[in-house]
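Numbering starts at 1 and runs along the sequence shown. As the structure lists them, so they are numbered: ligands from 1, and atoms in each ligand from 1.
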Amino acid sequence: MSHQFPPAPIDAAALAAAKAPFGHSRMLPAEAYLSNDVLDWERQHFFDGSWVCAGRLDDVAEPKSQKAIKVGHTAVLLSRDADGELRAFANICRHRGHELLPCGASAVRGVIQCPYHAWTYELSGDLRLAPHFGDVPNFDQPNLGLVTINHAEWNGWVFVNVSGDAPPFLSHVDALDRIFANYELGRLRPAVTHEYVLEANWKLAIENYQECYHCPLIHPELCRVSEHSSGDNYTDESGMWVGGTMDLESFAATMSIDGASGGEVIPGLNEQQRRQVDYIGVFPNLLVSLHPDYVMTHRLEPLTPTTTHVECQWLFAPESFERPGFDPSYASDFWHLTNGQDWAAVESVQRGMRSPKYVPGLLASNEDAVYQWVSLIASGYAGESMARGSTIVRA
Ligand code: FES
Ligand code: FE
């Protein structure tokens, strides 16, 4: 079972070129990065029609906590009841459609109350109170509860599927369940969160993440602790994700300016996992970078075709938090520097896309994960069952 959507408003020949075999393919056409119509389509299908990461369970950890999050066209209200059960609702009042919480806002209270005319809902979503509706004929209170949205809790994240018809969640992540297992991500907690707004389309940040061809020129600090051509990409694993590994240099315990770690190695890791970093892009909006001693995530939300909100978090095991004087900045400072280098690059690419002289480019042999990602996206745009393209040896 896989995602399949109606065709996107993009030139079919350009999509065919993006899906051509590796070594012959082209990148996506500029309209995929510039057009409001394409972003509308993506919000409806790639975001509302798929499983989208809506954040960490820590965001709504307390009983009675609520948080509103924009997903695609739809804002979602996450609500934890007094007994600890998490639910997801459309963030829309059943009276006249006011948002229950502003997007991004949180609350802790025993009811969900609309700030417009005070319709009040139980944390289960049932409508408890609608002032001045006692004398309204045919007022069907039992059927005016909040609209439920499918959600899945996985490795400490919450994912939502607004349309309700995406394939089962576990088929979305599939092999990642096994690849992530030793990291016990559910017990990791964020120590640092950074927010960025990029002047670039959301897909450019992911394409950039899928290759280290650019590393020697723009990431001198990264290249000191991890050789840019080391490691392998995952090619035969199933699921809606693309990724690969890179090795740490022999002197480096982790990715930091001097290669030293200020935390503890995540306990369950095997020898190989202690010497590498996994870089995984989960369709459509979550990047997960697994290090021996911490996990960095980027959660993307498109704001416009040319701007993207990024929430970047650094997660650590309880053993690191228990360390006397634990300071996570060895990880977050290193990647904040590296993020800035990447954002400058993707913002430059975005400016290039705007030129009428832009022509979709070619991919080098070490950009095979970019190809996997782009061909996955292109097959979705083309109205086909979404699948990564074939990685074949160049002719
Ligand atoms: Fe919510 Fe009126 S729109 S109470
Ligand atoms: Fe980079």
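Listed by chain and number, H95 ND1, H117 ND1 are the protein N/O/S atoms closer than 2.8 Å to atom 2 (Fe) of ligand 1, with waters left out. Counting only distances under 2.8 Å, and ignoring water, the protein N, O or S atoms around the Fe ion (ligand 2) are H214 NE2, H219 NE2, D342 OD1, D342 OD2.
A distance below 6.0 Å separates the ring centres of F47 and W202. Here the two rings, on H298 and W343, have centers that are under 6.0 Å apart. If you look at Y209 and W373, their ring centroids are not closer than 6.0 Å.
Taking 4.5 Å as the limit, every side-chain heavy atom of W314 sits out of range of all side-chain heavy atoms of P328.
Atom CZ of R323 has more than 12 neighbouring heavy atoms from other residues, nucleotides or ligands inside a 6.0 Å radius.
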Report task. Could you walk me through whether W41 and F46 pass the ring-ring contact (aromatic ring centres under 6.0 Å, His included) test, one step at a time? Result -> CA-CA 8 Å; W41 184 97; F46 282 173; 4.9 Å; yes
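Atoms CE and NE2, from M246 and H228 in turn, are 8.0 Å apart once rounded to the nearest 0.5 Å. Rounding to the nearest 0.5 angstrom, the gap separating the OG atom in S261 from the CG atom in D293 is 3.5 Å. Between atom CD of residue E122 and atom CZ of residue R128 there is a gap of 4.0 Å, rounded to the nearest 0.5 Å.
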